[in-house]
Amino acid sequence: MSKPESELHDPGTTTREREFEHVEPPIGWDGQTLQEMLDESEQLLEETGRYQGLDELELKENDPFKYEQMYSRLRGALVSARETALHVSASPIVREIGELCFQIYTPEGDSVAVSTGIIVHVHTGSLAIKYMIEEGYETNRGIQPGDVFCNNDNDLGNVHTTDVHTFVPIFYEDELVAWADGVTHEIDIGGMTRGHDQVASTNRHEDGLYATCEKIGEDDKLYQDWRDRGQRGVRTPMYWDLDEKCRLAGCHMIREAIHEMIDEVGVDTFKQFLYEAVEEGRQIMESRVKERMFPGTYRETGFHPIQWEDKAWQPGAQQNMMNHLPVEMTIDGEGGMELDMEGATPPGPHPFNCAKGSMEGALWVYLTQSILHDGKVNDGAHYAVDTNYPEGTVVNPQDPELSYHTPWLTIFPTYLAVSKCLSNGFFSRGFREEVITGYGEPCDALQGGGKLMDSLAEAIPDALGDYFPVGPFDFSCQGLGASACRDGLNYGYAMFNPEADLGDVEEWEQTQWGLIQLARRVKPNTAGHGKYRGGSGWEGLHTVMGSEDVSLYALSIPTVTWSSAGMSGGYPGGTSYSVRAHDTDLAKRTVTDEPYPLDDMPHHGRIEDQIDAEEVIRDHDGMFFPEEFENYDLLRYQTSGGPGWGDPLERPPEKLKEDIEKDIFTPDVVEEVYGVVGDYDAENRDFTIDEEATAERRAEIREERAERTQSFEEFFEEEQARVKQSDWNDGVQYMYEGVFETSEEWAQDFREFWDLGDGYSP
């Protein structure tokens with residue numbers, strides 16, 4: 001255990017003053033190195049199946065009040081640090097939406113507690129700390145009181161490049177007792193194009209600034225060369241600087257809170273608490289799985305189409321691709337969970353490659369919303385789930401040369417599949433209210449940047465200079481899928497951050513000076529149909545004003561429904577599309593007081609019908625690469641709706657009346673899909689149901705269904721013929737060739753299922 005303080009220090013010094021005293025390795029507990037502590041922890045887990053081999057939670061059982069008080073106090077310190085530190089930041093992504101998070105880790109790098117915020121980082125920081133331990137930082141780089149480390153390398157522990165971690169080791173006397181970690185989502189990280197989730201990069205060298213578990217400061221001060229690097233390496237140096245101060249300030253607040261706790265309860269009790277909290281997290285996860293899931297094997301598949309033959313900039317990316325993201329979830333009778341992605345596509349020339357740590361981080365952000373929402377969230381849950389993200393695939397490339405800038409477009413469809421696996425289990429257990437059919441596509445609807453015109457730059461004194469970034473985070477409010485007993489949540493959910501928030505238009509416009517939002521409106525027909533419909537999405541319309549050198553782009557998963565199809569007869573949400581209008585007469589209309597577009601609604605008319613423009617690009621694909629925009633050009637984008645649950649014909653007509661009057665659906669779609677007929681008074685927003693015509697139309701739909709129905713044997717025979725002939729498009733061909741190349745196990749299962757013979761290849 002630790003030496004008595006009297007043997008180590010001048011008794012007149014304070015804990016704060018001692019924090020900067022140099023310590024010599026080993027810095028672990030009881031004279032161990034950090035590597036020895038990590039090795040012992042992993043060995044005990046392997047041998048016993050319990051974190052640190054703990055048979056009992058002695059502190060929790062013998063003094064439950066103190067134990068719970070310590071956990072609440074620790075998490076309270078994390079939340080307090082987050083809520084205080086975000087006001088240090090100037091970035092609206094951090095300040096307005098709260099895209100930051102703070103964590104506490106054991107000396108070995110296991111998460112103990114996490115604040116509110118982007119809880120996807122429960123486990124990502126853990127991997128970075130363990131990398132530093134295994135690479136011998138304790139001796140060859142030095143881990144000292146007051147040191148500061150930074151990482152945003154996804155291969156070592158992160159989600160994507162613009163998530164930047166600041167790590168501070170916390171010492172007590174001569175030992176490292178914990179780590180504090182703060183992470184913020186940066187509005188810009190450099191890279192080949194503007195934006196915080198790039199679409200054009202195809203390799204690491206185009207991603208932007210990387211910090212690979214670097215020591216960036218000591219004695220609580222950042223190195224000047226590191227600060228210079230940040231100032232020169234990103235397009236928004238003021239945001240970068242203040243976000244970094246935000247993270248460091250929060251970590252120091254956490255350090256002070258831990259010192260106070262140790263001074264009160266004693267260092268030995270604090271150490272015992274850290275280990276027991278992680279083990280309790282593991283036990284909670286097992287108990288939740290046992291309680292809410294039905295034992296068995298669940299299979300779902302996600303897809304991510306990349307239609308870049310005519311869009312990509314680099315020659316190697318100019319092809320149509322499809323990422324295959326299969327999920328097999330196995331639940332045993334003791335609460336064990338296995339997640340296997342055997343058969344995933346190889347990595348590719350795009351920024352959607354996803355490191356193993358990114359996949360694991362996404363797993364926790366989803367599990368905390370579905371199973372662990374009332375438990376302790378830490379790495380104990382990680383140890384309760386066995387995962388297989390196969391090496392050499394898009395979900396675990398093991399190749400630092402690739403681009404990892406935007407792995408979310410691999411994460412989102414994967415965890416839609418996970419969501420369905422869990423929901424099938426919930427339904428089997430009778431937890432109908434816990435079922436979630438999925439979620440709207442939470443991708444960046446709009447990104448880019450530009451410069452203010454010289455005259456405006458002089459008139460608006462601002463520390464940013466004349467460059468403004470574009471990255472409004474209002475896309476964090478998508479439609480949530482239906483449950484098995486109620487409709488989904490309208491424009492109020494994001495898989496990556498359950499604290500969804502549109503943010504204020506004025507707040508975004510203070511940052512993106514030259515981009516004005518003309519309107520936000522509910523977008524009809526984005527919600528997935530069903531007995532219980534999915535939540536609706538919305539659309540926005542922007543114009544450029546007083547600017548120059550403006551480039552904008554949108555990130556979206558195109559065309560197909562990327563596994564967001566509903567459940568039990570429910571439909572997927574509507575797919576996205578984009579509209580761009582160049583060289584418009586908007587300037588004249590604002591002067592002459594003529595009407596101008598506010599939406600692209602069916603009953604109002606298309607944008608091109610509401611304004612004169614030299615060029616209107618209407619693209620069924622919501623994703624487009626960076627494109628130049630001039631003043632008074634228009635850009636329309638949308639967020640998507642969630643999928644539905646159950647047969648649409650079982651939805652009560654009164655619910656459809658309400659949907660029409662609230663712009664969730666239009667009358668023509670309601671009649672076609674739900675068979676509900678009536679008259680709509682658009683001016684008064686009143687829909688009158690024709691009950692007799694509705695009964696007739698629903699009967700007709702059922703007859704039409706019966707005529708289209710075919711037996712499974714007929715369906716299988718038709719599909720088998722297509723498979724044998726490789727009757728599919730280039731993107732699907734890319735997918736099958738890649739999967740057959742990387743997974744012989746999956747390929748053989750595919751051959752056996754379709755009875756193709758051992759020699760078959762796509």
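- Using a distance-only test at 3.5 Å, with no hydrogens or angles considered, a donor-acceptor pair links the side chain of Gln369 to the main chain of Val365.
- Between Glu434 and Arg429 there is no salt bridge, since no side-chain N of the basic residue sits under 4.0 Å from a carboxylate O of the acidic one.
- Contact check on Arg255 versus Asp220 returns a salt bridge, with a Lys/Arg side-chain nitrogen under 4.0 Å from an Asp/Glu carboxylate oxygen.
- A salt bridge does not link Arg50 to Glu56: none of the charged nitrogens lies less than 4.0 Å from a carboxylate oxygen.
- Side-chain N/O atoms of Glu108 and Tyr275 include a donor and acceptor closer than 3.5 Å.
- Checked by atom type, the side-chain pair Gln283/Ser287 shows no donor-acceptor distance below 3.5 Å.
- At least one side-chain heavy atom of Leu339 sits under 4.5 Å from a side-chain heavy atom of Tyr389.
- There is no side-chain donor-acceptor pair under 3.5 Å between Asp268 and Gln272.
- Summarising the geometry, atom SG belonging to Cys421 is positioned 5.0 Å from atom CE belonging to Met329; distances are rounded to the nearest 0.5 Å.
- A side-chain donor-acceptor contact under 3.5 Å links Tyr439 to the backbone of Phe412.
- When the shell of 6.0 Å around NZ of Lys60 is examined, it contains more than 12 heavy atoms from other residues, nucleotides or ligands.
- Listed for the His324 side chain is a donor-acceptor partner under 3.5 Å among the backbone atoms of Gly343.
- Atom OG1 of Thr184 and atom CG of Leu242 lie 11.0 Å apart (nearest 0.5 Å).
- Rounded to the nearest 0.5 angstrom, Phe496 CZ and Ser476 OG are separated by 5.0 Å.
- The closest side-chain donor-acceptor pair between Glu280 and Tyr71, if any, does not fall under 3.5 angstrom.
- Separating the CG atom in Asp332 from the NZ atom in Lys290 is a distance of 9.5 Å, to the nearest 0.5 Å.
- Tested against Asn323, the residues Asn353, Thr410, Val739, Thr414 include a single side-chain contact (heavy atoms from CB on, under 4.5 Å) partner, Thr410.
- Judged by distance alone, with hydrogens and angles left aside, the side-chain atoms of His165 form no donor-acceptor pair with the main-chain N or O of Asn151 at under 3.5 Å.
- Side-chain contact between Pro92 and Tyr239: present, with at least one pair of heavy atoms (C-beta onward) separated by less than 4.5 Å.
- In this structure, Ile371 CD1 and Leu367 CG are separated by 5.5 Å, a value rounded to the nearest 0.5 Å.
- Remark: the Thr166 side chain and the Arg247 side chain contain an N/O donor-acceptor pair separated by less than 3.5 Å.
- Remark: aromatic rings of His160 and His185 are close, center separation under 6.0 Å.
- Side-chain atoms of Gln103 do not come within 3.5 Å of backbone N or O of Gly125 as any donor-acceptor pair.
- Under 4.0 Å is where a charged nitrogen must lie from a carboxylate oxygen, and between Arg299 and Glu328 at least one such pair does.
- In this structure, the side chains of Glu58 and Glu276 come closer than 4.5 Å at one or more pairs of heavy atoms.
- A ring-centre distance under 6.0 Å is found for Tyr51 and Tyr383.
- No side-chain donor from either of Gln198 and Thr406 sits under 3.5 Å from a side-chain acceptor of the other.
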Could you walk me through whether Glu206 and Thr202 satisfy the side chain to side chain donor-acceptor pair (under 3.5 Å) test, starting with their C-alpha distance in whole Å, then the side-chain angles of each, then the deciding distance to 0.1 Å, before giving a yes or no? CA-CA 7 Å; Glu206 299 166 344; Thr202 60; 3.2 Å; yes
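- Met293 contributes atom CE, which lies 8.5 Å from atom OG of Ser423 (distance to the nearest 0.5 angstrom).
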